[in-house]
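Whatever order the structure lists ligands and atoms in, that order sets their numbers, starting from 1.
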Amino acid sequence: MRRLQRGDTIVIASHNPGKIREIDDLLRPYGVAPVSAGDLGISEPEETEATFAGNAQLKALHCARAGGRPALADDSGLEVQALEGAPGIYSARWAGPGKDFSSAMARVEREMAARNGHRMANFTAALCLAWPDGETHVFEGKVYGQLVWPPRGGEGFGYDPMFLPDGEALTFGEMEPLKKHAISHRARAFKLFVAACLEAG
Ligand code: IMP
């Protein structure tokens, strides 16, 4: 697998400043400099694939080709077992244009109760490194848990307040961000990416 070298720049296929900062922190110790797709004037492609991995790959390839250098993209969401994996790749869309996650969480609760199903769920994050010649590598991380109701805590974002990771007493919404970042689906995907694609500091 081709690795990134110290001094390389890499396009981050996101227009979300929070995500870009998080990836910047991760890459800096390895001497790799991130530049955002937005700064290069690269548009966001439509997410038309049916899986997290497919969408991460589509976004990373688009940016690698448009930017002429390696690119990193991620895609993530909540999968509820009783809902056959929904909202899944539609996790952000369930919150609507106003990004209303209180109503997205209420919808998850309502649909889960209607199925009389159990409350098992997981978050998944797929991270893709793509090269301008079309080579891609995808790394996937998951964290499993139960959904609680009512939601608890004001930390994190999205569905965090209703997600209680296995073996923990606090939801992601109640947890210190540093603790969440150590055990999250994203952390697990990043760890695999670092081991496979970055040169040890
Ligand atoms: P993305 O930005 O296309 O990857 O969309 C991810 C969506 O999945 C977010 O808008 C959230 O709804 C949900 N999601 C992903 N990761 C998390 C998490 O760590 N906590 C809470 N919600 C998450």
message = Using the rule given for salt bridge (charged side-chain N to carboxylate O under 4.0 Å, His left out), can you reason through Glu44 versus Lys59, listing the C-alpha separation, both sets of side-chain angles and the distance that settles it, and then say yes or no?
response = CA-CA 7 Å; Glu44 273 182 292; Lys59 290 187 274 189; over 6 Å; no
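- The closest approach between any non-hydrogen atom of Tyr159 and ligand 1 is below 4.0 Å.
- Ser76 and Asp74 share no side-chain donor-acceptor pair at under 3.5 Å.
- Ring orientation note: the planes of Phe172 and His185 are close to parallel, at an angle under 30° on the 30°/60° scale.
- Of the protein's heavy atoms, Arg186 NH2, 2.8 Å lies nearest to atom 16 (N) of ligand 1.
- The contact set between ligand 1 and Asp160, taken as ligand atoms under 4.0 Å from a residue heavy atom, comprises 18 (C), 19 (O), 20 (N), 21 (C).
- Here's the thing with His185: one of its N/O atoms is less than 3.5 angstrom from an N/O atom of ligand 1.
- Phe163 and Tyr144 are assigned to two separate hydrophobic clusters, defined by single-linkage of ILVMFWY side chains at heavy-atom distances under 4.5 Å.
- Protein heavy atom in closest approach to atom 13 (C) of ligand 1: Ser91 CB, 3.9 Å.
- Ranking protein heavy atoms by distance to atom 12 (O) of ligand 1, first place goes to Phe101 CE2, 3.0 Å.
- Cluster annotation: Trp149 and Leu147 are assigned to the same hydrophobic cluster (Ile/Leu/Val/Met/Phe/Trp/Tyr, side-chain heavy-atom contacts under 4.5 Å, transitive).
- Among all protein heavy atoms, the one lying closest to atom 1 (P) of ligand 1 is Lys19 NZ, 3.8 Å.
- Linking Ile, Leu, Val, Met, Phe, Trp and Tyr residues whenever their side-chain heavy atoms come within less than 4.5 Å places Trp131 and Leu198 in a single cluster.
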request  = May I have the step-by-step check of salt bridge (charged side-chain N to carboxylate O under 4.0 Å, His left out) for Lys180 and Glu155, ending in yes or no?
outcome  = CA-CA 10 Å; Lys180 177 193 164 187; Glu155 299 283 354; over 6 Å; no
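- Closest heavy-atom approach to atom 3 (O) of ligand 1 within the set Val143, Asn16, Asp75, Asn55: this belongs to Asp75.
- The closest approach between a heavy atom of Lys180 and any atom of ligand 1 is below 4.0 Å.
- Within the 4.0 Å heavy-atom cutoff, Phe52 does not count among the residues contacting ligand 1.
- Linking ILVMFWY residues whenever their side-chain heavy atoms come closer than 4.5 Å, directly or via other members, places Ile23 and Val32 in the same cluster.
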key: Full working for salt bridge (charged side-chain N to carboxylate O under 4.0 Å, His left out) between Arg115 and Glu84   = CA-CA 11 Å; Arg115 304 276 179 111; Glu84 283 102 36; 3.2 Å; yes
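- Looking at Phe157 against ligand 1, both its backbone and its side chain come within 4.0 Å, counting heavy atoms.
- For atom 4 (O) of ligand 1, the nearest non-hydrogen atom from the set Ser76, Ala92, Ala56, Ala73 comes from Ser76.
- Counting heavy atoms under 4.0 Å from ligand 1, residue Phe123 touches it through the side chain alone.
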